[in-house]
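These notes concern the structure reproduced below.
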2 protein chains.
Amino acid sequence: MPDSPPSLDSVQLGAYFDLIEVTSLLRHAVEQQLREAGDLSYVQFQLLARLGDSPTGGHRMTDLADGVVYSRSGLTYQAGLLEKAGLVVRAPSPDDERSVTVTITDAGRALLAQVLPGHVEVVSSLLFAPLSRDDVTVLARLLAPVRDHMRSTPPRSAAPRRRSD
Amino acid sequence: MPDSPPSLDSVQLGAYFDLIEVTSLLRHAVEQQLREAGDLSYVQFQLLARLGDSPTGGHRMTDLADGVVYSRSGLTYQAGLLEKAGLVVRAPSPDDERSVTVTITDAGRALLAQVLPGHVEVVSSLLFAPLSRDDVTVLARLLAPVRDHMRSTPPRSAAPRRRSD
DNA sequence: GTTTACTGCTTCGAATTCAAATGGTGCGTT
DNA sequence: AACGCACCATTTGAATTCGAAGCAGTAAAC
């Protein structure tokens, strides 16, 4: 017989559905704000934010793509747009000739600073408004192990297919 | 002075980022499983699941779109695909001539039953594996008020634009 | 040192998404 | 009853997305 019929109890099911719905709604709201405030898509904002966080202001393409959970070809496309807009610069990496290092420009930092307050405002008022300070702490403690677990779980396709394929 | 400079403390920021990352990773994994198990996109699965839950097996287009947080035109497209695949049927609503009622077919229910176990398996092993039973209960209790708050918060565009526009 | 396998990025084509514009239908007002 | 306004769904066109294929550069094996 197959390994224990997988099932989710009603609490799990509700948590799962709510998780999906909450992030969908949040993403829509944020997307709209970013479009209005700086003509940025959510992905573009994520990329700029990640670059802005980096001490050097730069990242390799692949690491950047992994960081925002995005396809490599998609990143190439977005990097092209951002570069055309003068928000980032692409240059061959010093140590490895294959890889490209993307670096945020001053204009990129400026735009980031321009849209950030509104972004924070949306997240605050939509996601954190109904939560107390303690609630947020608890939520963070719940999410961290899930994040680590997911990061360390190879995306199915990467799992070595032993036999029968 | 402007309303209190909005900002997120480090705990909030971490929770927000983890939330985005966790759902992105989860979505990718689920998407892949659904594609393999039944050649369904995530949206299509959500639509079928919602229809399958309905007592009548049917929903109006708009309600369906709102339920899965999706654009109306996008839903028209997906409903067309699902109908072509014989998984749903579209018919004019009995009471309101303008609206269309989408109803799941037996084939749709069958496919849903076919992909569901794998879907549950992915969600279980990826999202719930690192969480105890109590953790999930706490998570559910945190998400519910956020969900309700977001549902009752009109999507910016619907908010009446007072001045300066 | 050459061959072979692997990594990193880009290009290409197909599929999906959304916003804006279109065509009907219901509903309240005049 | 005709009008105006709001709502429902679809069509259309542009933009974005991904996977597969292609093109380097790098590392490993022999």
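Protein chains get the first letters and strands the later ones, always in sequence-line order, with residue 1 at the start of each. The figures here come from the full heavy-atom set of this structure, side chains too, leaving out hydrogens, waters and symmetry mates. Please read these numbers as outputs of a predicted model, since none were measured by experiment.
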Heavy atoms from other residues, nucleotides or ligands near CZ of A:R35 exceed 12 (cutoff 6.0 Å): yes
Contact under 4.0 Å: A:R60 side-chain N or O vs C:dG8 OP1/OP2: yes
OP1 or OP2 of D:dC8 under 4.0 Å from side-chain N/O of B:S99: no
Interatomic spacing from CG in A:L25 to CG in A:L127 - rounded to 0.5 Å: 11.0 Å
B:E97 CD - D:dA6 C1' separation (whole Å): 18 Å
Sugar-phosphate, base or nothing in reach of B:R90, heavy atoms under 4.0 Å: sugar-phosphate
Contact nearer the 5' end of DNA chain D, comparing A:R35 with A:D95: A:R35
Between D:dT16 (C1') and A:D39 (CG): distance, integer Å: 14 Å
Residues B:D66 and B:R72 bridged, charged N to O under 4.0 Å: yes
Minimum-distance nucleotide (side-chain atoms of A:M61 versus C:dC9, D:dT16, C:dT25): C:dC9
B:D96 CG to C:dG24 P, straight-line distance once rounded to whole Å: 17 Å
C:dA19 base / B:S73 side chain donor-acceptor hit below 3.5 Å: yes
Rounded interatomic separation in angstrom, taking NE2 from B:H28 and P from C:dT16: 16 Å
Separation of atom OH in B:Y70 from atom C1' in C:dC18, rounded to whole Å: 9 Å
Quiz item: A:R98 side-chain donor-acceptor pair to D:dT26 base, under 3.5 Å: no
For atom CG of B:L47 and atom P of C:dT16, their distance in whole Å: 13 Å
Distance, rounded to the nearest Å, where A:L64 contributes CG and C:dG8 contributes P: 14 Å
Rounded interatomic separation in angstrom, taking CG from A:D63 and C1' from C:dC9: 13 Å
Presence of salt bridge, B:R50 and B:D53, under 4.0 angstrom: no
Distance test, side-chain N/O of A:Q78 to OP1/OP2 of D:dT17, below 4.0 Å: yes
Proximal nucleotide (of C:dT16, D:dT10, C:dG26) relative to the B:L81 side chain: C:dT16
Proximity to the side chain of A:R72 - top-ranked nucleotide from D:dG25, C:dT25, C:dT10: C:dT10
Check: B:H28 ring centroid to A:Y70 ring centroid under 6.0 Å: no
Any A:Y77 side-chain N or O less than 4.0 Å from OP1/OP2 of C:dT10: no
